[in-house]
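Before any comments, here is the structure.
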Amino acid sequence: MASLLSVSCRPLPRRVAPAIGAVLHPFRRSSSQKQPVDLPDFNTDVDVHTHRLKRPERPPPPSPTHRWVGLKGLRERTEGSLIPETLKEMEESEEFKITAENLKKLGQVKLTREERKRRQRALRNLGIPSFREFLLRQLMENPQEGLEDKHQSLKKQAIDVLQLNIGLYCNQACNHCHVESSPKRTEMMSREVADKCLEILEKSPSVHTLDITGGAPELNPQFRYLSAGGSAMGKKVIDRCNLTVLVEPGQEDLADFLTQHRVSVVASLPCYSAKNVNMQRGKGVFDKSIQALLMLNERGYGRPGTGLELDLVYNPLGGFLPPPQCELEDKYRQELWDTFGIEFNRLFTVTNMPIKRFADFLYRRNELQEYMNLLVRNFNPKSVKGLMCRNLLSVNWDGRLYDCDFNQQLELTIPRTRLGHDNSTRLPSRSAKQSTQGPSPIMHPDLRPKGLSVWDITSTDELLGSRVVTDNHCYGCTAGMGSS
């Protein structure tokens, strides 16, 4: 996964350009990324509110409830949980019905395998080799500073970021979600796994950032425990936030908790218009997102001089690359300030990965092959040095280890051979009382043969130099400015 550009955008008037704090994004960047790149399809218009998808069928008349009606009455409109509306939309959506039926018929493993075959078939039709072969060939033709040994581009460097996906439960069910989160998912990280993650964090001096994601990670009981623990160690803690969780019943004190522990917030906001946000993320999401941003601003997030970092993330509505990051950040900053009085630190643009719900979306529209061609056609050699799989370790809710969050969702675990020895005997001990109560609640059943887990390592240093697991979805991380 490629890190996003660290380019400082041109200064704007004070009214629309608050001073920007320290760069939040923890992943490595190359100074060469500051240079303009010439890519054939890196030309998406920054007026993202005008982006539209061609619908395969005639849409129903637009509902007036999907239109932004202003700040007046916003607090009242955003009261109550989003979950009932999300479940209703899932029951009415034909795409969700098809996915649920296929999941019931085939199971998750077979579905993931079939998704991979579709991507591979698309690449084969285009005459494109495997990602590993393609990457090495490109680096040979386009040598990059710091990657004189092109094979090092596919190996782990010192781990800077420990990313924890602590569960798939979410109050939303976004149509681009690469982890397929929803209110129907029940997977949650246990306290035992959380404790082990904090133990590894403490014993890994190279790790400076604890990155917590989900689902909606804040709805997991371990979120506050992990956030407070990472903060107490002096680590930077990131909350990958969908914003609407801040106004969910029972989360009334969440904004204050984040402020108290100075947790950095990276929030998804795919547009500054209600229509596009609600189309991608569900009815009512835009109102709640704006209310949440106002709440964070009230506590100092995104404002100059506070050190409370609030970054936004844009991803495209459909099968195209995002606009240039700096220009779009300027546009977001102006629109959000002029319309709502909202401030933030930085905007990150990410490329949609052709996996899970977005892959299904493309396949049903017969656009998967063209999207894979788009990604390959816009390969950016300057993105390779900043691929986050090189300096990040991803941990699943059950404790398994992956090179990145995308590999995690595709079950591409780090093989046990990467450590050079078998630590399968180093499993958490169980008391006699636990043994009489059935299988251990700590680990996913039969976890041992599924690759490395947190129980196999004491420090992230043990993975230094291990080869990164790649597959055909990895083209998304090197296209344009990359993905996050």
Side-chain angles (χ1 to χ4, degrees), residues 1-3 27-28 108-109 111-120 123 128-139 147 149-165 178-179 200 211 213 351 353-356 359 372 375-376 379 383-424 444 447-457 460-479 482-484:
M1 209 189 304
S3 64
F27 310 136
R28 288 182 176 173
Q108 188 63 62
V109 174
L111 266 184
T112 300
R113 189 180 301 133
E114 180 60 28
E115 176 193 308
R116 181 184 183 277
K117 288 180 180 178
R118 290 172 180 171
R119 285 193 303 272
Q120 193 59 44
L123 292 172
I128 296 169
S130 70
F131 176 77
R132 182 174 293 275
E133 180 183 347
F134 178 86
L135 177 61
L136 294 178
R137 183 188 304 169
Q138 289 294 319
L139 290 180
L147 291 177
D149 180 355
K150 59 184 181 297
H151 293 280
Q152 288 299 317
S153 66
L154 300 171
K155 291 184 178 181
K156 284 288 190 191
Q157 311 300 303
I159 302 299
D160 297 333
V161 181
L162 182 64
Q163 185 177 70
L164 311 181
N165 188 314
H178 72 275
V179 301
I200 292 172
D211 188 344
T213 186
T351 301
M353 293 294 288
I355 67 174
K356 299 300 180 177
M372 295 303 297
L375 298 180
V376 175
F379 173 81
S383 69
V384 176
K385 190 175 180 181
L387 287 172
M388 65 178 288
C389 57
R390 302 174 73 232
N391 69 321
L392 174 143
L393 182 63
S394 176
V395 183
N396 196 16
W397 63 271
D398 62 11
R400 282 177 288 170
L401 302 180
Y402 301 82
D403 289 311
C404 72
D405 195 42
F406 300 139
N407 279 9
Q408 181 181 137
Q409 305 317 314
L410 297 176
E411 297 288 344
L412 297 174
T413 57
I414 299 177
R416 305 184 67 80
T417 53
R418 291 294 190 267
L419 285 181
H421 58 277
D422 187 354
N423 285 341
S424 58
H444 187 281
L447 184 62
R448 188 179 305 178
K450 295 185 177 181
L452 287 175
S453 76
V454 292
W455 309 110
D456 295 310
I457 65 172
T460 60
D461 291 346
E462 296 172 46
L463 293 169
L464 185 63
S466 65
R467 198 177 82 175
V468 172
V469 178
T470 62
D471 201 20
N472 52 35
H473 66 288
C474 297
Y475 283 105
C477 291
T478 54
S483 189
S484 172

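Being a predicted model, the structure only gives us computed values, none of them experimental. Numbers for residues simply follow the sequence, beginning at 1. All values below were derived from every heavy atom in this structure, side-chain atoms included, with hydrogens, water molecules and symmetry-related copies excluded.
- Within the 4.5 Å cutoff, side-chain heavy atoms of Leu419 are placed close to those of Leu463.
- For Arg119, the side chain to side chain donor-acceptor pair (under 3.5 Å) test picks out Glu115, Asn472, with sequence neighbours left out.
- Within the 4.5 Å cutoff, side-chain heavy atoms of Asp405 are placed close to those of His178.
- Summarising the geometry of Met372 relative to Pro354, their closest heavy-atom pair is SD-CG, 3.7 Å, with the distance given to 0.1 Å.
- Here the shortest heavy-atom pairing between Gly451 and Thr413 reads CA-OG1, 3.7 Å.
- When atom types are taken as modelled, the side chain of Asp398 and the backbone of Arg400 share a donor-acceptor pair closer than 3.5 angstrom.
- The structure places CZ of Phe134 at 10.0 Å from CG of Leu123, a figure rounded to the nearest 0.5 Å.
- Counting heavy atoms from C-beta on, the side chains of Arg390 and Val384 never come closer than 4.5 Å.
- Looking at heavy atoms from C-beta onward, Thr213 lies out of side-chain contact with Val179 at the 4.5 angstrom threshold.
- Remark: side-chain polar atoms of Asp403 are paired, donor with acceptor, to backbone N or O of Val469 under 3.5 angstrom.
- When side chains are defined from C-beta on, Val454 counts as touching Leu401, because their heavy atoms get closer than 4.5 Å.
- Between Leu464 and Lys155, the closest side-chain pair of non-hydrogen atoms is not below 4.5 Å.
- The OH atom of Tyr402 lies 9.5 Å from the CD1 atom of Ile414; values are rounded to the nearest 0.5 Å.
- From Leu387, atom CG reaches atom CG of Leu147 across 9.0 Å, with rounding to the nearest 0.5 Å.
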Leu135/Ser153 under side-chain contact (heavy atoms from CB on, under 4.5 Å): CA gap, chis, key distance, verdict: CA-CA 9 Å; Leu135 177 61; Ser153 66; 4.1 Å; yes

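- A distance of 10.5 Å separates CG of Leu392 from OG1 of Thr460, quoted to the nearest 0.5 Å.
- When the salt bridge (Lys or Arg N to Asp or Glu O under 4.0 Å) test is applied to Arg137, the partners found at least two apart in sequence or on another chain are Glu133.
- A donor-acceptor pair under 3.5 Å is formed between the side chain of Arg418 and the backbone N or O of Arg467.
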query: Could you go step by step and tell me if Thr112 and Glu411 meet the side-chain contact (heavy atoms from CB on, under 4.5 Å) rule?
result: CA-CA 8 Å; Thr112 300; Glu411 297 288 344; 5.5 Å; no

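- Residues Arg116 and Leu410 have side chains not in contact (no heavy-atom distance under 4.5 Å, counting atoms from C-beta outward).
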Phe406 vs Leu412, side-chain contact (heavy atoms from CB on, under 4.5 Å): CA-CA, chis, key distance, verdict: CA-CA 9 Å; Phe406 300 139; Leu412 297 174; over 6 Å; no

- prompt: After noting the C-alpha distance and the side-chain angles of Met353 and Cys477, does the key distance pass the side-chain contact (heavy atoms from CB on, under 4.5 Å) rule?
  reply: CA-CA 8 Å; Met353 293 294 288; Cys477 291; 3.8 Å; yes

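- Once rounded to the nearest 0.5 Å, the distance linking CG of Leu393 with SG of Cys404 reads 11.0 Å.
- Contact annotation: the side chain of Thr478 approaches that of Phe131 to within less than 4.5 Å [non-hydrogen atoms, C-beta and beyond].
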